[in-house]
Amino acid sequence: MTGSGAGPDLLAAYPFLQPAPRRPGSADSPALTGGDVPYDVDAEEGQERQPVRELSWNQARRAAARAAVPLPPVTVAADATALGAALAEPLTAATDLPAFDTSAMDGWAVSGPGPWRLLATDAATGLAGGACAAALPDGCAVRIATGAPLPPDATAVLRREDGEVTDGQLRETGAEPLATGRDIRPRGQECRRGETLLPAGTVVTPAVLGLAAAAGRDGLTVRRRPSVELFVLGDELLTSGVPSGGRIRDALGPLLPSWLRGYGAAGDAEPHRIPDDLGALTTALRGCTADVVVTTGGTAAGPVDHLHDALRELDAELLVDGVAVRPGHPMLLARLAPGRWIVGLPGNPLAAVAGAATLAEPLLRTLAGLPATEPYRCPAAAALPWHPHDARLVPVLLPERGAVPLGFDGPAMLRGLALAEGLAVVPPGGVAPGEVVEILEVPGGC
Ligand SMILES: Nc1nc2c(c(=O)[nH]1)N[C@H]1C(S)=C(S)[C@@H](COP(=O)(O)OP(=O)(O)OC[C@H]3O[C@@H](n4cnc5c(N)ncnc54)[C@H](O)[C@@H]3O)O[C@H]1N2
Ligand code: MOO
C-alpha cells in the first residue's frame, strides 16, 4: 500500500498539509479482509432473495441505481425552486424567438439603398418595448433601438456609429456598404413556437430558467425529487462546543443534508438525532415517511450498532450489505417498504461520505430522474493510496496535470475532503502515476 500525501507544489500552496501518518494494518491502510467473492448483481435479478454478500464498488453503484424508478412528474413554477430537478418532458417554445423581427443594434431602420430620408416618429416608437413604426417606404429611415420591433419593409439597420444625419438626410459613413438584412434579428431565428428546446432529463440550471422564461414558459414539468430524512445515530455526539468527556462533535448533521441535495434530494434534510437504542431506532424508522431515510452510524458490529437488528425487525429487504470500498465498507441499502428505501452510512465521517457517494448518489439520481453521469476520468498525477482487494475513495485536488492526493484521508478524517475537488476511485491494486482514474464529484452545496 502506498502512503498518501499531497505533492510538493501542493504542499507549498497548503503548508499545513502533510501526509497523514500511517501504520500497517491501521484503519487507514487496512489489512486484508475475508475472501468473499462479490456476486453478480445481474444474475440475481428476478430470483429468490439471496443472502446479500459484499459487492464490488461498481456492482454496488449499479444495484443502487436499479433499486428504484424515477418518481412521477410534477409541474412547478419556472423559478429557483425548480433548480436541480430533471425535466420530465421536453421543454417546448411557447413563442417564436425572437417573437418579432427586431433590431440588433441602436441606429436607424432603413428601407432600400441610401441615402435615406429620416422620418420623424413619436418618442416611444423605435424603442424596445415601444410601438412598431408604420411600414417604411423605400428610401426612408426611422431611428431604432436595440430590441425594438422592426417596421415592416425595413431592409437593414444602420448602426448609429456608421451614419450621419444632415438636413433630414441619413448617409452611411461606415467603411463597408450596408448589406441587406444587416443587424436584423428575424422572427423565429432561434426557434419556432412549439419547437423542442431541451430534451426530457435535462437538469434545470439557471440558464434553463432563463431560456424557459424567454420562450414564454411560466411552469416546468419536472420529476419530483425524493424527500430524504436524516437520522444521526450515536449517544456520544455533541451538536456544539468542543469534544469533552469522551464525546465528540457530530460532523455529519452539518455535512450530509446539502451533500445529499447535490445528489438530487428535495431540499436539505433536518438531522434527527436517534439514541443508541434498538427500540428507538426501530420506532423512528417505522414512523418515517420520506422516500429515502439516510442513517449514520450503527452499521458495524459494536454493542450499540443496532441498524441490522432494526432492519430485521422491520422485515426490510437488504439490497446491498457491505461494499468492497475503503473507507465505508459496512454501508448498506435496503427497501423498507414499496417506494421507501434506507441508506445506512457508517459513522466515521469520511466513510459516511464514501457511502453517500456509492449508494445514495445513484439511488437519488434514479428517483429524481437525473441522467446517469458519464464517468469523469483523468490521470493520477502521483501515487494514490490504494487497497489490495477493495476500491479506495481518495480526496484529491485536480490541477491540470491530474489527480493529486490531499492526505488526511483516514475514515474518521474530513481535513482532506474539505479541500477536495473530487474523490478519486482507486481500483483494488492501485493505479500508477499517469494511469487514468475515475473522479467523483464533490457537491458544493450552494
Ligand atoms: N469489529 C468490527 N468493527 C468495525 C468494523 C468491522 O468491520 N468490524 N468496521 C469499522 C469501520 S470500517 C467503520 S467505518 C465503523 C462503522 O461503524 P458504525 O457505522 O457502526 O458507526 P459507529 O460505531 O456508530 O461510529 C464509528 C465512529 O464514527 C464516529 N461517529 C459516528 N457518527 C458520527 C458523526 N455523526 N460525526 C462524527 N463522528 C461520528 C463514532 O463516534 C465512532 O468513532 O466501524 C468500524 N468497526
Ligand atoms: O474503514 Mo471504514 O470502511 O472506515 O468505513
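Sequence positions, counted from 1, serve as the residue numbers for this chain. All ligand and atom numbering here is 1-based and tracks the order in the structure.
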*Asks:* To the nearest 0.5 Å, tell me how far His329 NE2 sits from Leu55 CG.
*Replies:*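 That separation rounds to 14.0 Å.
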*Asks:* Assess whether a salt bridge exists between Asp101 and Arg187, defined as any Lys/Arg side-chain N lying under 4.0 Å from an Asp/Glu carboxylate O.
*Replies:*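 Salt bridge: no.
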*Asks:* Considering residues at least two apart in sequence or located in another chain, which fulfil the salt bridge (charged side-chain N to carboxylate O under 4.0 Å, His left out) criterion with Arg225?
*Replies:*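 None.
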*Asks:* For Arg247, does the CZ atom sit with more than 12 other heavy atoms under 6.0 Å from it, leaving out its own atoms?
*Replies:*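 For Arg247, atom CZ is crowded (more than 12 foreign heavy atoms under 6.0 Å).
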*Asks:* Ligand 2 and Gly328, any nitrogen or oxygen pair closer than 3.5 angstrom?
*Replies:*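 Yes - when backbone and side-chain N and O of Gly328 are compared with those of ligand 2, one distance drops under 3.5 Å.
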*Asks:* Quiz question: by atom type and distance under 3.5 Å, do the side chains of Ser227 and Asp291 form a donor-acceptor pair?
*Replies:*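 Side chains of Ser227 and Asp291: pair found under 3.5 Å.
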*Asks:* Output side-chain donor-acceptor pairs under 3.5 Å for residues 353-360, partner residues at least two apart or in another chain, one line each.
*Replies:*
| from | atom 1 | to | atom 2 | distance (Å) |
| --- | --- | --- | --- | --- |
| Thr358 | OG1 | Trp57 | NE1 | 2.9 |
| Thr358 | OG1 | Ala354 | O | 2.7 |

*Asks:* When you compare ligand 2 with His329, is there at least one nitrogen or oxygen pair between them that comes in under 3.5 angstrom?
*Replies:*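 By distance alone, the answer is yes.
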*Asks:* In terms of atom number and element, which parts of ligand 2 are under 4.0 angstrom from non-hydrogen atoms of Ala351?
*Replies:*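 Once the distances to Ala351 are compared, the set is 4 (O), 5 (O).
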*Asks:* Between Asp79 and Thr81, do the side chains contain an N or O donor and an N or O acceptor separated by less than 3.5 Å?
*Replies:*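 A donor-acceptor contact under 3.5 Å links the two side chains.
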*Asks:* Using the test salt bridge (charged side-chain N to carboxylate O under 4.0 Å, His left out), find all partners of Arg261 that sit at least two apart in sequence or belong to another chain.
*Replies:*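 So Arg261 forms a salt bridge (charged side-chain N to carboxylate O under 4.0 Å, His left out) with Asp268.
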*Asks:* Filter the ligand 1-protein atom pairs down to N or O on both sides and distance under 3.5 Å, then list them.
*Replies:*
| from | atom 1 | to | atom 2 | distance (Å) |
| --- | --- | --- | --- | --- |
| ligand 1 | 19 (O) | Gly298 | N | 3.4 |
| ligand 1 | 19 (O) | Thr299 | N | 3.0 |
| ligand 1 | 19 (O) | Thr299 | OG1 | 2.5 |
| ligand 1 | 19 (O) | Gly347 | N | 3.0 |
| ligand 1 | 20 (O) | Gly298 | N | 3.2 |
| ligand 1 | 20 (O) | Thr299 | N | 3.0 |
| ligand 1 | 20 (O) | Ala300 | N | 2.9 |
| ligand 1 | 20 (O) | Asp305 | OD1 | 3.1 |
| ligand 1 | 20 (O) | Asp305 | OD2 | 3.1 |
| ligand 1 | 21 (O) | Gly298 | N | 3.4 |
| ligand 1 | 21 (O) | Gly347 | N | 3.3 |
| ligand 1 | 24 (O) | Gly298 | N | 3.2 |
| ligand 1 | 28 (O) | Gly347 | O | 3.4 |
| ligand 1 | 28 (O) | Asn348 | N | 3.2 |
| ligand 1 | 28 (O) | Asn348 | OD1 | 3.3 |
| ligand 1 | 30 (N) | Gly347 | O | 3.2 |
| ligand 1 | 32 (N) | Gly347 | O | 3.4 |
| ligand 1 | 35 (N) | Asp250 | OD1 | 2.8 |
| ligand 1 | 36 (N) | Ala251 | N | 2.9 |
| ligand 1 | 41 (O) | Glu236 | OE2 | 2.6 |

*Asks:* Can you list the ligand 2 atoms lying under 4.0 Å from a non-hydrogen atom of Asn348?
*Replies:*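 Close to Asn348: 4 (O).
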